[in-house]
Amino acid sequence: RKEVEQDPGPFNVPEGATVAFNCTYSNSASQSFFWYRQDCRKEPKLLMSVYSSGNEDGRFTAQLNRASQYISLLIRDSKLSDSATYLCVVKEETGYALNFGKGTSLLVTP
Amino acid sequence: GAVVSQHPSRVICKSGTSVKIECRSLDFQATTMFWYRQFPKKSLMLMATSNEGSKATYEQGVEKDKFLINHASLTLSTLTVTSAHPEDSSFYICSARPGTGLNQPQHFGDGTRLSIL
């Protein structure tokens with residue numbers, strides 16, 4: 001199975017900090033890319049899709065570099081409620097199943 | 001928005017019991033649903049792709065006779081863990097896509113936490 005690699009962390013940051021997560025994928029033919037957020041013992045929830053042109057949603061910015069097979073997520077002005085595991089997710093070129101990274105754990109502290 | 005309902009959310013059973021988990025798309029039709037499994041501190045791993053009206057497609061290493069999947073309608077897929085053992089204890093999550101576009105994200109059920117004693 002194709003690999004999606006993430007730094008597991010944990011990333012411990014103070015409130016208000018900016019934090020960036022990175023992800024690499026091995027299948028150059030991958031079609032779609034997403035960041036999901038997973039709270040402890042809960043199901044993953046879609047945070048945002050990732051496009052080559054970049055995608056910004058409030059404090060969150062996602063970027064895709066197809067040439068380097070690299071995906072990033074930037075969180076500005078971190079909130080306590082941002083504490084969660086962030087999953088880098090790639091959809092392969094065939095079918096619709098998703099390939100998940102192991103997730104990066106973020107803890108935002110007061 | 002698209003909603004996927006999964007039931008039950010928590011199951012605790014004795015070893016040898018068979019457990020059925022339901023996954024429903026509440027406001028859209030899903031010809032394809034997916035079943036994932038997540039062990040503690042591990043990533044979600046795709047177990048199988050459930051296809052309405054046909055046999056499920058299983059990932060390598062997943063026993064089809066152990067994990068029975070039935071997708072009898074466009075809104076319901078079921079996963080039955082047959083003769084469950086403690087090593088089957090895990091978090092099982094289903095997902096479905098409301099559209100056919102390549103970039104359509106999947107929507108997940110709430111997950112079922114299965115504990116086999």
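From a predicted model like this one, the values you see are computed outputs, not experimental measurements. In what follows, every chain begins at residue 1, and chains take the letters A, B, ... in the order their sequences are listed.
Residue A/Gln6: no heavy atom, backbone or side chain, is found under 4.5 Å from chain B. Contacts of B/Ile93 with chain A are made by side-chain atoms alone, with heavy-atom separations under 4.5 Å and no backbone atom involved. At a 4.5 Å heavy-atom cutoff, the contact between B/Gln38 and chain A is made by side-chain atoms alone.
Annotation: side chain of A/Leu73 is in contact with side chain of A/Met48 (closest heavy-atom distance under 4.5 Å).
Applying the side chain to side chain donor-acceptor pair (under 3.5 Å) rule to B/Ser115 yields the partners B/Arg10; only residues at least two apart in sequence or on another chain are considered. Residues forming a ring pair (Phe, Tyr, Trp, His ring centres under 6.0 Å) with B/Tyr92 (at least two apart in sequence, or on another chain): none. The ring pair (Phe, Tyr, Trp, His ring centres under 6.0 Å) check on A/Tyr25 picks up A/Phe33, with sequence neighbours excluded.
Ring planes of B/Tyr36 and B/Phe34: tilted class, angle from 30 to 60°. Under the 30°/60° scheme for interplanar angles, the aromatic rings of A/Tyr86 and A/Phe21 are found to be tilted.
Residues of residues 54-62 of chain A having a heavy atom under 4.5 Å from any heavy atom of chain B: none.
Note on A/Pro8, A/Pro44, A/Gly103: by heavy-atom pairs under 4.5 Å with chain B, the leading option is A/Pro44.
Ion pairing between a basic and an acidic side chain is recognised when a charged N comes within 4.0 Å of a carboxylate O; B/Lys20 and B/Glu22 show no such pairing.
Within the 3.5 Å criterion, the main-chain N or O of B/Arg24 finds no donor-acceptor partner in the side chain of B/His7.
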